[in-house]
Each structure stands twice: as structure tokens, then as C-alpha cells.
Protein chains: 2
Amino acid sequence: MREFKRKSRVLLIDDNADHLRGVKELITLESSYDVVGATTSANMGINLAKKYHPDLILMDINMPEKDGLQAIQEIERLDLGVRIIALSAYDDADLIFRAMKIGAKGYVLKTMASAQLIYAMDEVASGKVYLPTALTSRFFEYFQNSFKEENSKSSEENLLNYLTAREEEVLDLLTQGNNYKGIAGKLFISETTVKTHVNNIFQKLQVNDRTQAVLYALNNGFANRRKIVA
Amino acid sequence: MREFKRKSRVLLIDDNADHLRGVKELITLESSYDVVGATTSANMGINLAKKYHPDLILMDINMPEKDGLQAIQEIERLDLGVRIIALSAYDDADLIFRAMKIGAKGYVLKTMASAQLIYAMDEVASGKVYLPTALTSRFFEYFQNSFKEENSKSSEENLLNYLTAREEEVLDLLTQGNNYKGIAGKLFISETTVKTHVNNIFQKLQVNDRTQAVLYALNNGFANRRKIVA
DNA sequence: TTTGTCCTACATCTTTAGGTTGATAATTTA
DNA sequence: TAAATTATCAACCTAAAGATGTAGGACAAA
């Protein structure tokens with residue numbers, strides 16, 4: 001009879017040779033993981049990822065030579081299906097945010113107990129995203145902070161709420177980079193009508209030109225009514 | 001001798017009277033919480049929040065009358081220092097994302113065990129943000145998905161990388177809604193020089209006008225080099 | 001029915017934006 | 001040093017955008 005679960009194949013990237021060796025030994029002791037590669041070079045790590053298609057990568061993001069975050073981004077773009085855990089010495093909210101933003105499935109501090117690293121690996125290997133509780137809080141502080149301005153306006157203060165349905169359509173097309181002609185063509189109305197709408201939009205949003213209107217729209221949750229993030 | 005910790009004061013808002021009663025009983029059994037209010041009306045809930053300044057609010061976000069998310073947003077805007085946990089019947093990624101975006105400090109499913117609700121309350125009351133593991137994964141899937149396009153471009157593909165330092169400055173001012181005159185004034189150069197830069201920017205970003213340039217910049221992580229989210 | 005809002009449309013005018021060519025000086029790179 | 005890049009500015013022109021006023025028809029609310 002075979003094993004129930006095949007071992008997860010792990011690639012380690014850490015410019016600190018000592019730490020790299022330590023983590024490697026730690027993981028080797030775990031029966032559920034095989035270390036298929038370990039390197040102190042980010043570029044070499046990217047090549048090893050291409051070559052071995054590991055299940056998991058532990059990436060140190062505090063490297064001088066090549067930025068670990070950038071390496072994560074490059075590997076993510078290769079779309080190898082590998083799940084990456086960021087290893088960092090710092091619990092800096094901005095770092096955590098950026099790592100998660102570019103697709104890291106976990107973020108673990110180097111100072112954390114080895115058991116926690118293994119736990120994070122188990123979680124991430126099983127398809128989840130893992131962030132230690134303390135870091136999750138950090139992340140959300142940063143996350144919520146970044147929306148503070150947008151949220152701070154009440155519905156009466158958000159001038160977008162004074163637009164008519166048609167004006168919203170026009171503004172939507174403005175936020176896609178259309179000029180008068182483009183909008184007129186898409187809405188099957190004359191260019192002069194579009195001008196009228198656009199001018200009314202400027203009045204309502206208290207702006208002087210289309211760029212400012214677009215910026216106001218984006219900064220005040222206009223696109224969010226349809227889809228995703230700002 | 002007094003108690004070590006004073007009890008946390010909780011306000012309950014849930015349009016389902018049965019569920020409201022159930023949660024109230026559950027919490028009343030917990031020695032560390034006082035229920036200072038319980039209502040089936042979102043508007044009444046907002047008033048009670050103003051009146052009693054609770055430490056914690058459990059807010060049902062699946063209410064027909066007034067949207068619970070909207071109620072959360074209104075309470076957050078009051079800046080009472082109250083920490084809100086969203087209660088929902090659905091583990092929909094978009095709902096979770098929106099709740100956290102507007103400042104909820106937790107999101108708990110109604111179907112979860114009561115012990116988990118209490119745990120979430122303990123965590124949130126102690127200043128943390130709490131999301132059950134499964135929902136954290138959901139959140140991050142959605143979160144990372146929303147940045148997929150922006151991340152998908154390699155540094156060679158991201159045309160912003162071809163801009164010179166000066167052009168970046170000009171583009172930055174463009175993304176703040178400045179016209180030629182405004183940019184010229186801020187950079188202490190002539191308007192014609194600004195025009196030259198702007199035209200070069202258009203060439204490099206392969207766009208036709210400033211609105212498209214601004215949109216390209218925002219959609220490709222330009223603002224993120226300085227600060228927060230898109 | 002009247003009032004008000006919204007969508008449509010046009011004319012006119014002023015201002016801004018955009019495209020092009022060319023030129024100088026400083027800086028960087030080969 | 002020579003060549004390339006960058007930053008600066010000018011003049012000129014066309015196209016587009018923005019400001020303002022007017023107005024008819026549809027529709028809904030008072």
C-alpha cells in the first residue's frame with residue numbers, strides 16, 4: 001500500500017546560508033516534506049522553481065541582492081501552481097500587505113517557533129492561506145486604513161450619489177478613457193448630448209475637467225459598485 | 001477587590017427576532033459580556049450605538065430593510081471606537097471583502113458553533129481582527145484576484161518602467177488632476193516643457209490623452225510605489 | 001394639471017489639450 | 001571623446017474639451 005499523501009516538495013530560498021541550513025534541517029525532519037532545492041540566490045531560486053515545479057516555496061523577502069517580493073512576483077507570473085510562503089524578519093504592515101497582494105499564500109516571521117512554520121506549511125500546502133493571528137491583525141489595520149478616506153464620506157457627502165443614471169453611464173465610460181465621440185457612439189446619442197451630460201457631471205462633482213472627474217470617481221468607490229478593489 | 005477586567009458591553013442588531021434572542025441568551029451566559037441593547041432594526045441599532053457607546057456590536061448584515069453593511073459604515077463614520085463583528089448567513093467572498101473594507105473587525109457565519117462566536121468576540125474585544133480560517137482564505141482569494149491584472153505584467157511589459165524620473169513626476173501630477181499650467185507651476189518649468197514631457201509620456205504609455213495616461217498609471221501600480229491600495 | 005427632473009439636442013464661444021518640428025545645454029553611456 | 005539620452009523651451013497648428021444658454025419631449029410626483 002502506498003502512502004495516503006504524497007510528500008509535498010519544497011524549495012527554499014534564503015540569502016542567509018545559516019538560516020537556510022537551519023530551515024532545511026528542520027523541514028527534512030518532517031516526514032511530510034521533501035526539500036527539492038535550497039539556494040541563497042533569488043535568481044537561482046526562480047530557475048529551480050521552473051525546473052522542479054515544487055508544491056511549496058519558502059522565500060526570504062529580506063534579501064539585498066534581488067528583492068524577495070520581486071522574486072515572488074516573477075514566480076507567480078510563471079503560473080507554475082506553486083504556493084509561496086514569505087519569510088521575513090519584520091512584521092511590517094506594508095511588507096505583509098505587499099507580499100499578500102502579489103500572491104503569497106502565507107507570511108511567517110523568522111523569529112517564530114519552528115512549529116509555527118511547519119503549521120503554516122501544512123495549511124498552505126492544503127490549499128489555504130495562512131497568516132499568524134498577529135499578522136492578520138496587522139494586515140487588516142493596513143487594509144482598512146487604506147480605505148479610510150473613501151469610507152469616510154457619508155452618502156450625502158459622496159457627490160457621486162447626486163448623479164442620474166445616465167450621468168453614471170457617461171462617467172463610467174469616462175473612467176474607461178473614452179472621449180466625447182467614443183461615448184456618443186457607445187450610448188447611441190449625439191456628441192453634444194454627451195457634452196451636456198459631462199458638463200453636468202463636472203458641476204455635480206465640483207471638478208473642472210474629465211481627469212478630475214475620473215479621479216473623483218475612482219477615489220470614491222465608483223468602480224466598486226460594479227466590481228473589485230479600488 | 002474589583003474585577004480584573006470590566007465586562008465588555010455588547011450591542012446586538014439582527015432583524016431575525018429568534019436569532020437575536022438566541023444570541024442574546026448565549027452571550028448573557030458569558031460572564032465577560034453585558035448585552036446593553038438588542039434590536040431588530042438597523043436604524044434603531046445605530047441610535048443605540050450613539051446612545052450607549054458599546055465596546056462591541058454584532059451586526060447581522062443580511063437584513064432586507066436597511067443593509068447591514070451600510071449600517072456598519074454609518075456607525076464607523078461616527079467614530080465611536082466601537083468594534084463591529086459582522087454576522088452573516090453567507091460565506092460569500094465579496095460580502096466578506098466588503099465588510100472588512102468598511103471596517104468590520106470580524107466576520108462570523110451564523111451557522112458556526114456558538115463557541116466560535118464567543119471566541120471571535122474575545123479576540124475582537126481584545127483589539128484584534130478575527131476571521132475564521134476558512135473565511136480568511138476566502139478573503140485572500142478575492143483580494144489576490146483583484147490584483148491579478150496589475151501583477152500579471154512583467155517589468156518589461158509595464159510601460160511605466162520606461163518613464164524617466166522627470167516624466168514620473170509629471171505623471172504623478174497628472175494623476176492628481178493638474179493641467180499644464182498647474183504642473184508647470186509646481187515643477188518651476190515652462191508650460192511648453194510640460195507639454196513635451198506629457199507627449200513623451202503618451203508615446204511611452206501608448207495612450208492618446210491624459211485621462212488614459214492616468215488610468216494606465218493607476219491600473220499598473222503607479223500610486224502604489226508611494227502608498228496604499230489602488 | 002402643473003411642477004420638476006431627466007434625457008435629448010444644438011449653437012456659439014473660449015480655453016485647453018494634443019501633435020509636430022526644431023533647438024540648446026547638461027548628463028550619461030558607450 | 002563621441003554618441004545617446006534627458007531636460008529644457010519656442011512657435012505653430014489642429015482638434016478636442018469645456019462653458020453657457022436655450023429648448024422640446026417624456027415621465028413622475030404633487
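Naming: A, B, ... by sequence-line order, numbering from 1 per chain.
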Sugar-phosphate or base contact per nucleotide [nucleotides 10-19 of chain C; S, B, -; heavy atom under 4.0 Å]: B------SBB
Summary of side-chain hydrogen bond (donor to acceptor under 3.5 Å, both in side chains) pairs that have at least one residue in residues 82-93 of chain A, sequence neighbours excluded: Asn62(A)-Ser88(A), Ser88(A)-Tyr107(A), Asp91(A)-Arg138(A)
Worked verdict on Thr39(A) versus Ser41(A) for side chain to side chain donor-acceptor pair (under 3.5 Å): CA-CA 5 Å; Thr39(A) 173; Ser41(A) 152; 4.7 Å; no
Side-chain heavy atoms of Val82(B) within contact of Leu11(B), under 4.5 Å: no
Min side-chain heavy-atom separation Leu173(B)-Val170(B) under 4.5 Å: no
OH/Tyr52(B): more than 12 non-hydrogen atoms of other groups inside 6.0 Å: no
Contact check, side chains of Ser137(A) and Val129(B), non-hydrogen atoms, under 4.5 Å: yes
Partner residues of Tyr130(B) under the ring pair (Phe, Tyr, Trp, His ring centres under 6.0 Å) criterion, sequence neighbours left out: Tyr119(B)
Along DNA chain C (nearest heavy atom to each residue), the more 5'-positioned of Ile189(A) and Lys204(A): Lys204(A)
Polar atom pairs between nucleotides 28-30 of chain C and protein, under 3.5 Å, N or O only, would you list them?
none

Whole-Å gap separating P (dT8(C)) and CD1 (Ile183(A)): 13 Å
Asn200(A) CG to dC7(C) C1', straight-line distance once rounded to whole Å: 10 Å
Where chain A begins and ends its contact with DNA chain D, read 5' to 3' at 4.0 Å from heavy atoms: dA17(D) to dT20(D)
Side-chain heavy atoms of Asp60(B) within contact of His19(B), under 4.5 Å: no
Qualifying residue, where the test is side-chain hydrogen bond (donor to acceptor under 3.5 Å, both in side chains) with Asn220(A) and the options are Glu157(A), Lys153(A), Glu150(A): Lys153(A)
Any Phe140(A) side-chain heavy atom under 4.5 Å of Lys105(B) side chain: no
Side-chain touch Phe147(A)/Ile102(B), heavy atoms, less than 4.5 angstrom: no
Five-pair end axes of the helix from dT1(C)-dA30(D) to dA30(C)-dT1(D) and the angle they enclose, rounded to 10°: 50°
Centroid-centroid distance, Phe143(B) to Phe97(A), less than 6.0 Å: yes
Pairwise side-chain contact, Ile96(B) with Tyr142(B), heavy-atom cut-off 4.5 Å (strictly under): no
